[in-house]
Amino acid sequence: MSPNVNAEIIAVIATTNDDIISQFNSGAHTLLGYSPDEMVGSKKSDSFLLKEEIENFKRDLAARYQLKTIDFDPYKILAEHDANDAREWTILKKDGSTFIAHSTITPMKYENGKSNGYIRIIRDITDQKKVERDLLRKNEVLNHAEKITLMGHWQLDTITDNVKWSSNLYNIFEVHPDEVLTYDTYFSYVHPGDKETVSTSFEKSKQDKHFYDLLHHIKLDSGKIKIIQLLGEVITDEKGDVIEIIGTCQDVTQQRMAEIKFKGLLESAPDAMVIVNEKGKIQLINKQAEKLFGYSIGELLDQPVELLLPERYINAHANHRELYFNIPKTRKMGEGKELFGIDKHGREIPIQISLSPLKTEEGVLVSAAVRDITFQKRAEKRIIDAKGSLELLTDKLTIKNTQLADFAHITSHNLRAPVSNLNSLLEFYKDAETTLEKVQLFEKFESVIHHLTSTLNTLVEALKTKDETSKNIELLSFEEILSKTKEILSGQIIATNAKISSDFTAAPTIMYSKVYLESIFLNLVSNAIKYKAEDKTPEIFIKATVENGVQKLSFKDNGLGINLVRHGKKIFGLNKVFHRHPDAKGVGLFMTKVQVEAMGGKITVESEVNEGSIFTIKFNK
């Protein structure tokens, strides 16, 4: 700030008893901008004073001398009481600008005591007021900052024992601002348990001429306990003698309580906790970490965290740590990989690590929760050792379950056809009119029952199969399988006049499971008869072919057909039916597909509604 050129200029203005300016010195000319010729003999004080300030001046005099009105000449009142007045005025300059001045008004008198006018001395204090305002603003900012940070500042004169506190320090100690302060005032609030520590620290600070930071408790008159932190500086004179100690005092109760809670949580954690800064230096560990790694906190403080890792991890870990601090977030470390730590004695420990970032005033810290998984790894090994035998057992159980499922499905579905056939033959037998017809029908009864018994025996043998690869594969004749199928379905064939023809010349035999092939024939032929068109005699044509060395078998009928646009995706689904037939169960085609695919083959269908269907089986090579 540049100094005001008018700072040392004094304006002296004399007025008569009627307040007419009689003298106007060069200082007045410089400060106000008027020449003496413009002012002397013609102007009054109100020519350079503000009207509202003159009114305030008169009110102050009325209050001072207990006057009931302000309708008076203030200068005459001063003369009557032989008094003067000193105050700040706003001075109006000739150019219309203003400045703040300190003005003293003194009455002048003759030797006989009569008034001889007044003299006004004006000094420009604009810069002084600006400095005062700046200091006041800075003090207000400082006071606000101290309140926000729960901090105050203090001064101790070691010669006079005089103590000065900032306003917020009174608030911290809950002391009235008017209380006279000494060192004993402060010391009286020190908690009994900390008095010796505080006294020793202050004496040592004086002796060493260096203030030792101090953290201690105070006990207030209300009984409240606070934790405060003292920081300071020792001031000496030119001889090196201590003359003053200055410093700050901060209420850190909340921070310390938070630290205590944090440490309590840290110690109560079930895992080892290691807290590391951005440089990878260990800042804190809990008791579980001391126990796991065998180090004390003193041995690990500010040591690189790589001290706890096997040598083979160190280089990679430094890179991973740098990447993590760039984008810190809570996550598991080394997920899906085996991690190891190393203790004080060089023993490797299998571990799991979870990382969590902590934002602090000192930067980002990372909290690593480290779990010893030695027992889990041992358990895993036992599980792995047992896995082989369990898998073998599971495979055997799977095979047995598959065999039982096959047996259940084939039994429940494939036996339904011969039973239904027996019922049909029985109806024909009841309606037979001649002995010859009954004898012929009875022969068919014997044939169906023989095949039914044979089927049951075959199913029982199939149940004894040891695994999926030994489904009693044997050389089978398509013609023989079809013949047996016709005999089992003879009743339905007679009832519907069904015509069944075949052509197996291209591939008359196949290596296959007899149980499965009989089931496939029985299902597809019985379905063709069951879903015949009402106005047509059912015709079924079965043909064996070979294409690119692969055997194929097709079953063609002229029945109801299937709407493949609507049902194509679920035609081989379990319990899926496509016609309102009382015997429709939705099992036959599903079971046929399962059996074909179990032998490595594939079944497809072509069909049109009211035209019939063609089921084609492509056998495995």
Side-chain angles (χ1 to χ4, degrees), residues 60 63-64 84-88 102 125 128-257:
D60 288 346
R64 186 190 304 176
N84 57 33
D85 184 81
R87 67 178 62 214
E88 292 179 5
H102 184 273
I125 60 168
Q128 177 184 329
K129 294 300 293 181
K130 185 176 181 181
V131 170
E132 289 178 1
R133 285 195 299 270
D134 287 344
L135 287 174
L136 181 61
R137 183 181 61 81
K138 289 177 181 178
N139 283 333
E140 288 178 351
V141 171
L142 179 61
N143 287 334
H144 283 303
E146 288 189 345
K147 286 181 181 180
I148 292 170
T149 59
L150 300 178
M151 183 182 288
H153 61 273
W154 50 270
Q155 297 172 260
L156 169 63
D157 187 328
T158 58
I159 306 299
T160 63
D161 197 32
N162 186 39
V163 175
K164 292 181 180 179
W165 283 2
S166 67
S167 60
N168 200 51
L169 199 53
Y170 285 95
N171 295 333
I172 292 173
F173 281 79
E174 298 180 2
V175 173
H176 195 278
D178 294 335
E179 184 170 336
V180 178
L181 302 174
T182 65
Y183 172 75
D184 288 336
T185 305
Y186 166 78
F187 195 73
S188 66
Y189 289 100
V190 176
H191 192 279
D194 291 343
K195 284 186 182 292
E196 183 177 350
T197 301
V198 173
S199 179
T200 302
S201 180
F202 265 90
E203 291 303 319
K204 185 171 176 58
S205 294
K206 292 179 184 179
Q207 180 180 343
D208 297 345
K209 300 174 186 178
H210 168 77
F211 191 86
Y212 294 97
D213 298 347
L214 190 60
L215 187 74
H216 69 87
H217 297 76
I218 59 174
K219 185 175 182 179
L220 308 183
D221 292 335
S222 62
K224 187 185 299 181
I225 305 294
K226 290 184 178 181
I227 304 172
I228 62 171
Q229 183 171 31
L230 293 180
L231 303 176
E233 185 176 349
V234 177
I235 309 298
T236 59
D237 60 13
E238 64 275 4
K239 297 179 182 179
D241 295 328
V242 177
I243 58 173
E244 189 177 24
I245 302 177
I246 62 174
T248 60
C249 173
Q250 185 176 16
D251 180 358
V252 295
T253 306
Q254 292 182 352
Q255 295 95 308
R256 293 295 294 175
M257 293 302 293

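What you see is a predicted model; the values in this text were computed from it and never measured.
- In this structure, K219 NZ and K224 NZ are separated by 14.0 Å, a value rounded to the nearest 0.5 Å.
- Judged purely by atom type and a 3.5 angstrom limit, K195 uses its side chain to pair as donor or acceptor with the backbone of V190.
- In this structure H210 satisfies the ring pair (Phe, Tyr, Trp, His ring centres under 6.0 Å) test together with Y212, sequence neighbours excluded.
- Side chain of T185 to backbone of T182: a donor-acceptor contact under 3.5 angstrom is found.
- Between the side chains of S166 and N168, no donor-acceptor pair of N or O atoms lies under 3.5 Å.
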Is there a side chain to side chain contact (heavy atoms under 4.5 Å, CB included) between I245 and K206? Walk through the geometry before answering. CA-CA 9 Å; I245 302 177; K206 292 179 184 179; 4.1 Å; yes
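- The main-chain N or O of I246 is never found under 3.5 Å from a side-chain atom of W154 such that the two would form a donor-acceptor pair.
- Judged by distance alone, with hydrogens and angles left aside, the side-chain atoms of T158 form a donor-acceptor pair with the main-chain N or O of I243 at under 3.5 Å.
- With a 4.5 Å cut-off on side-chain heavy atoms, V242 and I159 do not count as touching.
- With S201 contributing its side chain and T197 its backbone, the two residues share no donor-acceptor pair below 3.5 Å.
- Closest heavy-atom contact between Y186 and V198: CE2-CG1, 4.2 Å.
- Judged purely by atom type and a 3.5 angstrom limit, K226 uses its side chain to pair as donor or acceptor with the backbone of I172.
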